[in-house]
Amino acid sequence: MPAPRVRFAPAPTGYLHVGSARSALFNWLYARSTGGTFVLRIEDTNAELAKPEFYAAITDPLEWLGIDWDEGPYYQSERTQLYLDAIDRLLASGQAYHCDCSREAIDERNRAAKRSGYDGFCRDRGIDAGADTVVRFRTPDDGQTLVADLVRGDVLFENAELEDFVIRRSNGSPVFLVANAVDDADMGITHAVRGEDLLNTTPKVLLLWRALELGPEPTYAHLPLLVGADRKKLSKRKDSVALSDFRDEGFLPEAMVNYLALLGWSTGDDQEILSVDELIARFDLADVNKAPAFFDMTKLEHINGLYLRALTPSEFAARAMPYVTAADVPWAAADFDPARFEAFVPLIQEKVSKLSEVPGAVDFLFVADPPFDDASWEKVMVKGPQPAELLDGAAEVLADCEWSTDAVKDAVFAMGEGLGVNKSKTQAPVRVALTGRTVGPPLFDAIANHFTREETLRRIARARAAL
RNA sequence: GCCCCGUUCGUCUAGUGGCCUAGGACGCCACCCUCUCAAGGUGGUAACACGGGUUCAAAUCCCGUACGGGGUACCA
């Protein structure tokens with residue numbers, strides 16, 4: 001059996017949809033696991049989609065995910081003549097015909113006849129091409145077309161249910177069905193792996209394929225759709241669907257790939273965290289599910305957190321760098337200190353599930369007077385026990401204790417104990433004074449290793465004054 | 001409406017006639033750990049859509065119903 005040749009054939013829409021990314025991934029995994037070839041083909045048969053600025057919106061996210069292609073990208077807009085020639089052949093053999101029916105006329109006849117679709121009105125009128133004519137494919141009136149699907153098994157379509165669909169628009173451009181058949185044949189595609197939303201178009205492509213005598217047909221595999229909270233196909237309006245948004249939010253590409261692979265596919269055992277190499281080794285189209293899968297952001301974040309924590313601190317710092325040097329960061333760019341940030345990373349690495357959370361976790365390092373969070377202040381400085389005594393006590397013991405994590409910790413806790421306050425309540429005012437919040441990194445490690453005695457005392461005094 | 005696909009815990013899934021008193025993961029709850037929050041550990045909650053068959057035996061096979069989704073363009 002020859003090595004498989006698969007393709008990812010997106011229509012350029014200005015961004016890469018996560019569902020499309022999943023299709024691309026499954027194709028790519030199949031190619032990589034079988035020693036096959038992965039072809040990238042841009043389906044821009046519609047002139048509105050044939051815009052160069054849309055192409056990078058597809059290739060950039062693919063590259064980010066680590067999905068590389070062996071051939072292409074091929075652009076259907078550059079191969080139009082091939083499709084037009086195919087249509088001419090169908091015309092010449094009588095398998096296609098010109099039609100000048102307007103949408104209104106078709107609808108009117110359908111209303112009268114209580115049916116739908118195109119009624120074949122122009123089938124035998126023998127009209128010539130004109131300004132407003134389209135070319136329609138003459139579908140068989142009887143018989144069935146079988147789609148042998150690797151995921152769904154045999155799917156049978158009654159040819160009589162298929163209307164004589166348009167294959168060339170009145171503006172002269174071919175529709176994707178023709179391009180699809182011609183290109184899959186021309187590029188030697190052996191497996192067409194795509195979303196289930198295309199299942200209904202498959203018999204049309206197959207009919208064209210046979211009418212054009214294009215040779216051996218590809219095997220199909222229709223993947224279950226990705227759905228949103230409403231169980232409907234993920235849509236740009238309601239859901240977060242652009243892959244670039246996930247990158248901007250701070251999801252790691254390897255986590256994204258891992259999660260995407262788990263949507264509609266599983267290993268068969270209990271392993272869920274898989275490297276790309278493991279995915280390649282274990283992936284099989286035969287193990288793909290049939291039912292739609294909900295895109296669960298919570299689980300994605302969990303998996304991303306696992307990958308984030310598995311990074312070495314310096315890797316983490318490097319990958320977080322774009323987020324702490326972005327324009328909307330809560331400190332003045334000049335106050336940012338990369339070395340200080342990197343040193344601090346181990347204290348916050350296990351607390352974030354997305355890189356976009358990093359700036360908010362280290363802001364007090366680069367803001368001299370971090371704002372006091374209202375809820376935190378209320379909880380600790382208003383309703384908490386003896387805030388003034390605790391701050392004064394902390395200032396006193398920190399003024400001359402040894403500057404190490406344990407020494408600082410012991411000194412502060414001993415001071416709190418003397419006031420009859422437990423550890424949790426003792427550290428709270430100091431934490432708020434230093435960071436502005438009740439939630440944050442291990443406090444005494446942060447103080448002893450990342451702040452000077454002077455700065456620590458200054459912040460405590462600042463909070464004390466604000467009481 | 002018509003055509004096509006689907007249906008195991010809230011979610012992603014394991015399960016291919018007996019191993020299922022249905023397993024794992026996320027979430028959630030409790031406890032442990034603990035200077036906060038996380039992380040981690042332990043335990044718990046929770047599902048075979050329904051009805052008929054077939055069979056000694058059905059989550060697994062067949063039929064029907066219900067529900068959900070996709071398609072039904074001169075988008076792809």
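In what follows, chains carry the letters A, B, and so on, assigned in the order in which the sequence lines appear, proteins first and then strands, with residues in each chain numbered from 1. Keep in mind that what you see is a predicted model, and the values were worked out from it rather than measured.
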Report which part of the nucleic acid [X] touches: base, sugar-phosphate, or nothing (heavy-atom distance under 4.0 Å, all strands).
X	value
A:Gly440	base
A:Arg231	sugar-phosphate
A:Ser424	sugar-phosphate
A:Tyr259	nothing
A:Thr45	sugar-phosphate
A:Leu263	sugar-phosphate
A:Lys425	nothing
A:Pro224	nothing
A:Pro441	base

Base partner of [N], which must satisfy Watson-Crick or wobble distances under 3.5 Å:
N	result
B:rG6	B:rC67
B:rC37	none
B:rG1	B:rU72
B:rU11	B:rA25
B:rU42	B:rA30
B:rC61	B:rG53

Are [X] and [Y], when compared by the centres of their aromatic rings, separated by less than 6.0 Å?
X	Y	value
A:Phe444	A:Phe413	yes
A:Tyr55	A:Tyr15	no
A:Phe38	A:Trp69	no
A:Phe26	A:Phe283	yes

Looking at [options], which one has an atom nearest to any side-chain atom of [X]?
X	options	value
A:Val439	B:rA14, B:rG6, B:rC37	B:rC37
A:Leu443	B:rG6, B:rG23, B:rC35	B:rC35
A:Asn289	B:rA39, B:rA14, B:rA76	B:rA14
A:Ser170	B:rC74, B:rG70, B:rC5	B:rC74
A:Lys233	B:rA25, B:rG69, B:rG71	B:rG71
A:Ala293	B:rC35, B:rU13, B:rG69	B:rU13
A:Glu196	B:rC5, B:rC12, B:rG23	B:rC5
A:Phe444	B:rA38, B:rU36, B:rC35	B:rC35
A:Val134	B:rA76, B:rU13, B:rC74	B:rC74
A:His302	B:rG27, B:rU13, B:rC35	B:rG27

In whole angstrom, what separates [X]'s [atom1] from [N]'s [atom2]?
X	N	atom1	atom2	answer
A:Glu272	B:rC12	CD	P	12 Å
A:Lys204	B:rU72	NZ	C1'	7 Å
A:Tyr75	B:rA76	OH	C1'	17 Å
A:Leu225	B:rG6	CG	C1'	11 Å
A:Ile348	B:rU36	CD1	C1'	16 Å
A:Leu347	B:rU36	CG	C1'	13 Å
A:Asp296	B:rG27	CG	P	9 Å
A:Glu161	B:rC2	CD	P	10 Å

Is the positively charged end of [X] above the ring of [Y], judged by distance under 6.0 angstrom from the centroid and angle within 45° of the axis?
X	Y	answer
A:Lys204	A:Phe137	no
A:Arg136	A:Tyr97	no
A:Arg459	A:Phe451	no

Original post:
Should A:His222 and A:Arg194 be marked as a side chain to side chain donor-acceptor pair (under 3.5 Å) after you check the CA-CA gap, both sets of side-chain angles, and the distance that decides it?
Top reply: CA-CA 5 Å; A:His222 288 93; A:Arg194 13 105 99 147; 3.0 Å; yes
Subject >> Worked verdict on A:Asn110 versus A:Ser116 for side chain to side chain donor-acceptor pair (under 3.5 Å) >> reply: CA-CA 5 Å; A:Asn110 282 342; A:Ser116 64; over 6 Å; no
Check whether any side-chain nitrogen or oxygen of [X] sits under 4.0 Å from OP1 or OP2 of [N], and answer yes or no.
X	N	answer
A:Arg309	B:rG40	yes
A:Ser353	B:rA38	no
A:Arg152	B:rG6	no

Original post:
For A:Phe294 and A:Ala291, take the nucleotide of RNA chain B holding the closest heavy atom to each; which residue's nucleotide lies nearer the 5' end?
Top reply: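 On the 5' side of the pair lies A:Ala291.
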**OP:** Specify the residue among A:Gly264 and A:Leu199 whose closest nucleotide of RNA chain B lies further upstream toward the 5′ end.
**Re:**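 With A:Gly264 and A:Leu199 compared, the 5'-side residue is A:Leu199.
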Write down the distance separating the [atom1] atoms in [N] and [M], rounded off to the nearest Å.
N	M	atom1	answer
B:rC67	B:rG24	P	34 Å
B:rU8	B:rU60	C1'	11 Å
B:rG69	B:rC63	C1'	23 Å
B:rU11	B:rU55	C1'	35 Å
B:rC3	B:rG17	P	32 Å
B:rG27	B:rU65	P	41 Å
B:rG68	B:rC29	P	31 Å
B:rC26	B:rG43	P	14 Å

Confirm from the modelled atom types if [X] and [N] form a donor-acceptor pair under 3.5 Å, side chain to base only.
X	N	result
A:Gln271	B:rG24	no
A:Arg115	B:rC2	no
A:Thr298	B:rG27	no
A:Lys351	B:rC37	yes

Original post:
Just by distance, do the side chain of A:Thr80 and the backbone of A:Ser77 share a donor-acceptor pair under 3.5 Å?
Top reply: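 Such a contact is found between A:Thr80 side chain and A:Ser77 backbone.
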